[in-house]
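For reference, the structure is listed below as structure tokens.
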2 protein chains.
Amino acid sequence: MLSKQSAIPLYKQVKSEILSDIRSSVYKVGETIPTEIQLEKRYNTSRITIRKAINQLVSEGVLLKKQGKGTFVQPQKVKRNLLDLVSYTSYMKETGQKPDAVIRVLEVKPADAGWSKILHIIEGDPIIRLARTMDLGQNNSGYEVSYYSLERFPDLDKRITEGASVTKILNEQYDTFGNSSEQTLNVISASQQIADYLKLEIGSPIYQLDRTVYEDNGSVMYSAVMYYDVNKVSFSVNTKER
Amino acid sequence: MLSKQSAIPLYKQVKSEILSDIRSSVYKVGETIPTEIQLEKRYNTSRITIRKAINQLVSEGVLLKKQGKGTFVQPQKVKRNLLDLVSYTSYMKETGQKPDAVIRVLEVKPADAGWSKILHIIEGDPIIRLARTMDLGQNNSGYEVSYYSLERFPDLDKRITEGASVTKILNEQYDTFGNSSEQTLNVISASQQIADYLKLEIGSPIYQLDRTVYEDNGSVMYSAVMYYDVNKVSFSVNTKER
């Protein structure tokens, strides 16, 4: 219902009506919304208001105009819960998708000053560096680089295989589980390599999520840097005061 | 110490050394780093490696080159903890800064469909819409728009004054405290208005943090949408498994 007395611009009211209709699946993801003439009638407003509302939804990535084909409801962003450190493999299974991670680099090398500090090991001690791209569905990929102490997890480099869940290997073969974590989220510009992996233009804004997970005894289980397309991922944090 | 045998490119080793020297205040925020000649000696490497390391640190916003003045260590980003819903006013006081919020809009209006759903009230019921810019120090501003039910908090609109902490008013005058919260973080393109408030170019990537805070009994205390410059704010989430 549109109210002309309200201080909200009309097109914003229409926009919020359209969003509500998308949420309630009046317009479904992957399908087109009605024509402008039909929308004018449905929301009882002018063509110019409809256009303004639609243009804003297009610029927000909710709708996508395809030349000669209509205006489509875009897939929702992938929503990752920052409090639930569920592994990539589990996440995909929970959401009914097939995990598909590709190993880009798997190497053992001496820890530099920075990583030795983060992993609580001595500089020069061997670390495993695992770089992977992870398919998140809907043509959406993440790029993740994880670091593990080889002395803490002997032979881990030999046990990591394409498609294996490293978390599962750590849980089952090394009997360790994450107990606490520190995460920092930034937005940076995609380098050439990451842009390629994420199918973006170089310099596009991407999330960089730094995560260090600790074992029961406070030692570091792993540390990872993850990169995601800002237009395809959002993060949620739901807290309950204790 | 730089290791030539390592698989890490030399410039990345130099970069990590410089970062470590910034962290340990060998190079201080707001001051220049040494000249390229001096850095060559200090890190015992070539001019081209030094340049590559510095260019990368410039592109990451750690360093800033000023024509004819040198290369400066940039101020750190403001780091907001997503688990600690500390009010703006308390945050500034805790970090030794003076809170400086400017009210841009303070109005009472009927709730539209979307906000009535979020605030758990009936469409058309009066809501307070409070839009403010908040100074975060170091030429960094946030823009926040908060929504409150006027029926839940009678006269709140009259009690909100420039510089007042709304959280404090709610705590002290309405005896209510946030108990749980839902937050979603996205990155969007700055509209003209928000770009002006945040002193950015239109279309710049900005964080949009949606937050709804609930009272003890599960009713909504407030809901807010907050906007921050991605280059000046990062978010942290540290979890402890229970």
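Scope of the values below: all heavy atoms of this structure, side chains included, with no hydrogens, waters or symmetry mates. Convention: sequence-line order gives letters A, B, ...; per-chain numbering from 1.
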Closest heavy-atom pair and its distance - A/S180, B/K240: CB-CA, 3.9 Å
Straight-line distance of A/L83 CG to B/L83 CG, nearest 0.5 Å: 5.5 Å
Closest non-hydrogen atom pair, A/N186 against B/V233: OD1-O, 4.3 Å
Test salt bridge (charged side-chain N to carboxylate O under 4.0 Å, His left out) applied to A/R104 - qualifying residues, sequence neighbours left out: none
Minimal non-hydrogen separation, A/T184 against B/S234, with atom names: CG2-OG, 4.0 Å
Residue pair B/E182 / A/N238: nearest heavy atoms and the distance that separates them: CA-OD1, 3.2 Å
Neighbours of chain B found in residues 214-225 of chain A - heavy atoms under 4.5 Å: none
Proximity breakdown for A/S189 and chain B, heavy-atom pairs closer than 4.5 Å: neither
B/I103 CD1: over 12 foreign heavy atoms closer than 6.0 Å: yes
Between A/V237, A/V230, A/N81, A/I188, the one whose heavy-atom pairs under 4.5 Å with chain B are most numerous: A/V237
Pairing residues for A/K232 by the side chain to side chain contact (heavy atoms under 4.5 Å, CB included) criterion, not counting sequence neighbours: A/N139, A/N140, A/D229
Any residue of residues 195-210 of chain B which, by heavy atoms, sits under 4.5 Å from chain A: B/P205, B/Y207
Option that, when pairs with chain A are counted at under 4.5 Å, heavy atom only, ranks first among B/N231, B/L82, B/T212: B/L82
Proximal component of B/K12, with respect to chain A [non-hydrogen, under 4.5 Å]: neither
